[in-house]
Number of protein chains: 2
Amino acid sequence: MARTTGSDGEKTEAAVREAAVSLIARLGYEAMSMRQLAAEVGVQAAALYRYFPTKEDLLFTLMREHMEGLIEAWNAARPVVADPATRLAAYVENHIAFHIERRHSTHVSNMELRSLSHDRLTQILKLRTTYEKELRAILRDGAEAGVFDVEDTGLTAMALIQMMTGVIVWFRPGERLSISEVTATYLSMTMRLVGAKAHGATTSYSAGRANDAVAL
Amino acid sequence: MARTTGSDGEKTEAAVREAAVSLIARLGYEAMSMRQLAAEVGVQAAALYRYFPTKEDLLFTLMREHMEGLIEAWNAARPVVADPATRLAAYVENHIAFHIERRHSTHVSNMELRSLSHDRLTQILKLRTTYEKELRAILRDGAEAGVFDVEDTGLTAMALIQMMTGVIVWFRPGERLSISEVTATYLSMTMRLVGAKAHGATTSYSAGRANDAVAL
DNA sequence: GAATTAATTGAACGTTCGTTTTATTATTGC
DNA sequence: GCAATAATAAAACGAACGTTCAATTAATTC
């Protein structure tokens, strides 16, 4: 056999990306074989090489686009001029929304870094640093303005990002908590963690919810 | 060739465990080959099968012992009777100390869960839940006693654990911050996050440090 | 010091891996 | 409708994988 009826390069490539993100997130990059991926797409393994020259190229493409998407989402969501607390709230909301929406590619981008070549790892880490610097700047501004109580900007930024990203480990849509409930709780935890002085909009985010256990 | 002079089963097994933790943490379980591990130990691949019947048995053993060690460490460190804030402080200190000390095995236990069979995954998750329940109990007690301000016990516990465990991602001993400085900062962030009412020993943990960027 | 047991090697097994090559068919442009 | 191009299948490549087995030597036991 050869070219199949109705075959379309763009559609196949999109299907490959989608299946790859899902498979790598579930099985891990090393554990996923190209034949497995091809089967998921409904194509022979050789066909994958028309779109991605190597398996690692595929991984790198998925990761780069994830990171670029994250930065773009923040650039679209960031307040132009605002006080640090409002900016921090926007950062938290954007971060959680993006990561819940793109759970699988987040998993891939966070877990499979060690499968990249040195050069490509550097590129991804550069994008990650770009994104994280935004949070550090907010924390620094808030600390300097005296509206945050932050001991160590860098450490606090890392702690917050780990905390927020961790949401994808246990959160499942449609279970006990809605996205907005989770976001609200993380927002109030964040504001307390950075010692935000309660003034106006900031405190309104901490809409209460009852104590309860979280599903694993 | 056959048995080598000075060969000792106990020593070889210990060397295998040590090398395996290090290699799996660096390369990932799937990416590490048994031949690579054997070479690191200075032995042929076949010799490994005297100690671990399969590669997955090796992984499971490393993970189980890590989790059991974590629970044992907490049982040894936990205050018998104490107020929630003191218990929480002990939990945070034990968690960070243990995870910094056992970075590699923490990495393995957190990242390679998907390589376990269903049964073994269940066993590891059970140990994990046992450990996490301790934190939830502390938070619940604190909330009920009115010394913590926690919206959602389960969610807060997950957030705290993610935040604290994340320390192994960026912390390197001997760099900018000492272990005790990191612990102190995380402790004060934790206390603020749970809204601990400042009384006595609790606040003394937040010894100040200057703002600065954290090295990646 | 002979018999037993412990520890390891070296070679091999069948499988699967990522990838390449070649041929073949569908689609597109004129 | 014919040439050019796009998209795929089928088969094969060598390499690497986890694992097994038989042989061999060191250490221990009596």
- Message: Show every salt bridge (charged side-chain N to carboxylate O under 4.0 Å, His left out) that has at least one partner inside residues 61-77 of chain A, sequence neighbours left out.
- Response: A/Arg17-A/Glu65, A/Arg64-A/Glu68
- Note on the structure: Sorted by chain and number, sequence neighbours left out, side-chain contact (heavy atoms from CB on, under 4.5 Å) with B/Asp119 holds for B/Ser117
- Item | Gap between atoms CZ and P, on A/Phe52 and C/dG18 respectively (whole Å) | 15 Å
- Message: Please enumerate all residues that pass side-chain contact (heavy atoms from CB on, under 4.5 Å) together with B/Ser180, with sequence neighbours excluded.
- Response: B/Ser178
- Message: Test: salt bridge (charged side-chain N to carboxylate O under 4.0 Å, His left out). Region: residues 101-118 of chain A. Which pairs qualify, not counting sequence neighbours?
- Response: A/Glu112-B/Arg114, A/Arg114-B/Glu112
- Using atom NZ of A/Lys11 as one end and atom P of C/dT27 as the other, report the distance to the nearest whole Å. 11 Å
- Query: Could you state the CD-P distance from A/Glu13 to D/dT8, rounded to the nearest angstrom?
  - Reply: 11 Å
- Query: How would you list, by chain and number, every residue that makes a side chain to side chain donor-acceptor pair (under 3.5 Å) with B/Asp141, sequence neighbours excluded?
  - Reply: B/Arg87
- Item | Any donor-acceptor pair under 3.5 Å from A/Ser22 side chain to A/Ala19 backbone | no
Using atom types as modelled, flag every donor-acceptor pair under 3.5 Å from a side chain in residues 28-46 of chain A to any protein atom, sequence neighbours excluded.
from, atom 1, to, atom 2, distance (Å)
A/Tyr29, OH, A/Glu56, N, 3.2
A/Ser33, OG, A/Gln36, N, 3.0
A/Gln36, OE1, A/Ser33, N, 3.3

- Query: What residues in residues 32-43 of chain A put a non-hydrogen atom under 4.0 Å from any atom of DNA chain C?
  - Reply: A/Met32, A/Ser33, A/Met34, A/Arg35
- Of the nucleotides D/dT19, D/dA7, C/dT9, which one has an atom closest to the side chain of B/Ala47? C/dT9
- Taking only side-chain nitrogens and oxygens of B/Thr4, does any of them come within less than 4.0 Å of OP1 or OP2 of C/dT9? no
- Item | Donor-acceptor contact below 3.5 Å, side chain B/Thr129 vs main chain B/Leu125 | yes
- Please report, rounded to the nearest Å, how far the P atom of C/dG18 is from the CG atom of A/Leu48. 10 Å
- Item | Gap between atoms CD and P, on A/Gln44 and D/dA12 respectively (whole Å) | 14 Å
- Query: Hey, does the side chain of A/Thr54 come within less than 4.0 Å of C/dG18's phosphate (OP1/OP2), counting only N and O?
  - Reply: no
- Item | Among C/dA11, D/dA11, C/dA7, the nucleotide that comes nearest once only the side chain of A/Ala46 is considered | D/dA11
- At under 4.0 Å between heavy atoms, what does B/Tyr51 touch on the DNA or RNA strands: base, sugar-phosphate, or nothing? sugar-phosphate
- Looking at DNA chain D, which of residues 15-29 of chain A put a heavy atom within less than 4.0 Å of it? none
- Task: In whole angstrom, give the distance that lies between atom NZ of B/Lys55 and atom C1' of D/dA16.
- Result: 12 Å
Give me, pair by pair, the N or O atoms of the protein and of nucleotides 3-6 of chain C that are less than 3.5 Å apart, along with how far apart they are.
from, atom 1, to, atom 2, distance (Å)
C/dA6, N3, B/Arg3, NH1, 2.9

- Message: Restricting to side-chain contact (heavy atoms from CB on, under 4.5 Å), what partner residues turn up for A/Ile179, sequence neighbours left out?
- Response: A/Ile100, A/Phe171, A/Thr183
- Message: According to side-chain contact (heavy atoms from CB on, under 4.5 Å), who are the partners of A/Ser109, at least two apart in sequence or on a separate chain?
- Response: A/Met63, A/His66
- Message: In whole Å, I'd like the distance from the CD atom of B/Glu30 to the P atom of C/dG18.
- Response: 11 Å
- Nearest-nucleotide check on DNA chain D, B/Glu56 vs B/Thr5; residue mapping nearer the 5' end is B/Glu56
- Query: Do the ring planes of B/Tyr91 and B/Tyr131 sit parallel (below 30°), tilted (30 to 60°) or perpendicular (above 60°)?
  - Reply: parallel
- Note on the structure: Residue pairs passing the ring-ring contact (aromatic ring centres under 6.0 Å, His included) test with at least one member in residues 99-125 of chain B, sequence neighbours excluded, are B/His95-B/His99
